[in-house]
Participant: 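First the structure, then my questions, so here it is.
Just so we're on the same page: letters track the sequence lines, and every chain starts at 1. This is a predicted model, so every value here is computed, not measured.
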Number of protein chains: 2
Amino acid sequence: MSDLLERLRGRGWRLTAQRRVVAEVLDGDHVHYTADEVHARAADLLPEISRATVYNTLGELVSLGEIMEVSTDGRAKRYDPNAHHAHQHLVCSQCGTIRDVHPSGDLLAELPPEERFGFQVAAVEVTYRGLCPNCAAG
Amino acid sequence: MSDLLERLRGRGWRLTAQRRVVAEVLDGDHVHYTADEVHARAADLLPEISRATVYNTLGELVSLGEIMEVSTDGRAKRYDPNAHHAHQHLVCSQCGTIRDVHPSGDLLAELPPEERFGFQVAAVEVTYRGLCPNCAAG
DNA sequence: TCCTACATTGGACTTTGTCTAAGTCAAGAA
DNA sequence: TTCTTGACTTAGACAAAGTCCAATGTAGGA
């Protein structure tokens, strides 16, 4: 993740303590925190960090393409640091657990031209839903 | 959509004026209103209808499987009356326009067993994103 | 070291949605 | 037809998630 900080510095980012702790919280490939969770964890490292800064920083990281915004439940958005490897999400309909998954095939290609209505289709987001082993057993 | 009202009555629904106008607003296959939009349009027909009733009615219609809840932008949920025909969505990343689309192939089958992590996968939601002809031209 | 443009802060505000207590009414019973 | 009753609706308070702003602080170049 220090790679990340270097990349961002290269793009003219000021390296503040706040941005560092947000980046640190998002370190790890299989993490899908809400903004509030990021804030809580960041505050463990830097107690005076404000919610507004966390939102700002997350927004900047998203528009720089360093993290992905995921909304799997229509409530709080979640942030996925695994933005450099294309992947989709598998969500437990009961407990909400999220896993990164890699479908086979080219999902974009499955939208035939006559179903594109003149759109320049650029991306596809897929969410699989089902019961995780834990909830299925319960 | 009067079919809908009959079906619901058959399931023990009380047929109130409020439920009738909500159903009427949702009539049409290619409509994707937010709850607030549904409320505004319903209020044109029945001025004293309350927000709570619209939310209640939409929630009931969703759990009866008569309409679909769609969240394409992490903000307000939208309601899609076209719930009886499997389909996915194509969203303009600029203006937010939504179209129903029908991808080819079996999208569920594209998640290989080794990528299911023991989940009982039941459904898949797909959102294609791109520029609509209007925004691409502008 | 100093400057200053950029970053952060806290709190007010907005949007979207939920909950509740009190009043209303659809539809079956008589 | 009128009565009855439990389901439905209402207004407004409340909650969660996110945005905005003016005042203050500071990273990093000169």
Participant: To the nearest Å, how far apart are W13(B) CH2 and dG28(C) P?
Facilitator: 16 Å
Participant: Closest to the A52(B) side chain: dG17(C), dA27(C), dC19(C)?
Facilitator: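 Taking heavy atoms from C-beta onward, the closest nucleotide is dC19(C).
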Participant: How many whole angstroms separate atom CD of E48(A) from atom P of dT8(C)?
Facilitator: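 Distance check: E48(A) CD to dT8(C) P gives 12 Å.
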Participant: Choose from dT10(D), dG18(D), dT8(C) the nucleotide whose nearest atom is closest to any side-chain atom of N56(B).
Facilitator: dT10(D)
Participant: Rounded off to whole Å, could you give me the CG-to-P distance for the L8(A) and dA7(C) pair?
Facilitator: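 To the nearest whole Å, that distance equals 12 Å.
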Participant: Take the angle between the ring planes of H89(A) and H32(A) and call it parallel below 30°, perpendicular above 60°, tilted in between.
Facilitator: perpendicular
Participant: At 4.0 Å (heavy atoms only), tell me whether T53(B) reaches a base, stays on the sugar-phosphate, or touches nothing.
Facilitator: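 Base, at least one base atom sits under 4.0 Å.
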Participant: For dC25(C), does either OP1 or OP2 sit under 4.0 Å from a side-chain N or O belonging to T16(B)?
Facilitator: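 For T16(B), the contact criterion (side-chain N or O under 4.0 Å from OP1 or OP2 of dC25(C)) is not met.
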Participant: Taking atom CZ as the centre, does R75(A) end up with more than 12 heavy-atom neighbours from other residues, nucleotides or ligands that are less than 6.0 angstrom away?
Facilitator: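 Counting other residues, nucleotides and ligands, CZ of R75(A) stays at 12 neighbours or fewer.
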Participant: Taking only the side-chain nitrogens and oxygens of Y55(A), find out if one of them lies under 4.0 Å from OP1 or OP2 of dG18(D).
Facilitator: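 For dG18(D), OP1/OP2 do have a side-chain N/O of Y55(A) under 4.0 Å.
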Participant: Tell me whether the side-chain N/O atoms of R19(B) come closer than 4.0 Å to OP1 or OP2 in dC8(D).
Facilitator: yes
Participant: Do R14(B) and dA27(C) share a donor-acceptor pair, side chain to base, under 3.5 Å?
Facilitator: no
Participant: I need the CG-P distance between D73(A) and dT16(C), as an integer number of Å.
Facilitator: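 In whole Å, dT16(C) P and D73(A) CG are 16 Å from each other.
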Participant: For R75(B) and T57(B), take the nucleotide of DNA chain D holding the closest heavy atom to each; which residue's nucleotide lies nearer the 5' end?
Facilitator: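 Its nearest nucleotide being more 5', the pick is T57(B).
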Participant: DNA chain C: D36(B) or R20(B), which has the more 5' nearest nucleotide?
Facilitator: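 Counting from the 5' end, the first nearest nucleotide belongs to D36(B).
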Participant: In this structure, how many angstroms lie between the P atom of dA7(D) and the CZ atom of R9(B), rounded?
Facilitator: 18 Å
Participant: Measure from OH on Y33(A) to P on dA17(D) and round the result to the nearest Å.
Facilitator: 17 Å
Participant: Could you check whether R41(B) and Y33(B), counting side-chain N and O atoms only, form a donor-acceptor pair closer than 3.5 Å?
Facilitator: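 Indeed, the side chains of Y33(B) and R41(B) share at least one donor-acceptor pair under 3.5 Å.
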Participant: Mark yes or no for a side-chain to base donor-acceptor pair under 3.5 Å between R51(B) and dG12(D), with no hydrogen or angle criteria applied.
Facilitator: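 Side chain to base: no pair below 3.5 Å.
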Participant: Find the distance between CZ (R14(B)) and CG (L8(B)) and round it off to the nearest 0.5 Å.
Facilitator: 15.0 Å
Participant: Take the protein atom CG of L58(A) and the nucleotide atom P of dT19(D), then report the distance between them rounded to whole Å.
Facilitator: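 After rounding, the gap between these two atoms is 10 Å.
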Participant: By the 4.0 Å heavy-atom rule, please label A76(A) as base, sugar-phosphate, or nothing.
Facilitator: sugar-phosphate
Participant: Think Q18(B) has a side-chain N or O under 4.0 angstrom from the OP1 or OP2 of dC25(C)?
Facilitator: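 For Q18(B), the contact criterion (side-chain N or O under 4.0 Å from OP1 or OP2 of dC25(C)) is not met.
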Participant: Among V91(B), D73(B), V101(B), which one satisfies side chain to side chain contact (heavy atoms under 4.5 Å, CB included) with T127(B)?
Facilitator: V91(B)
Participant: Measure CD/E69(B) against P/dT16(C) and give the value in whole Å, please.
Facilitator: 14 Å
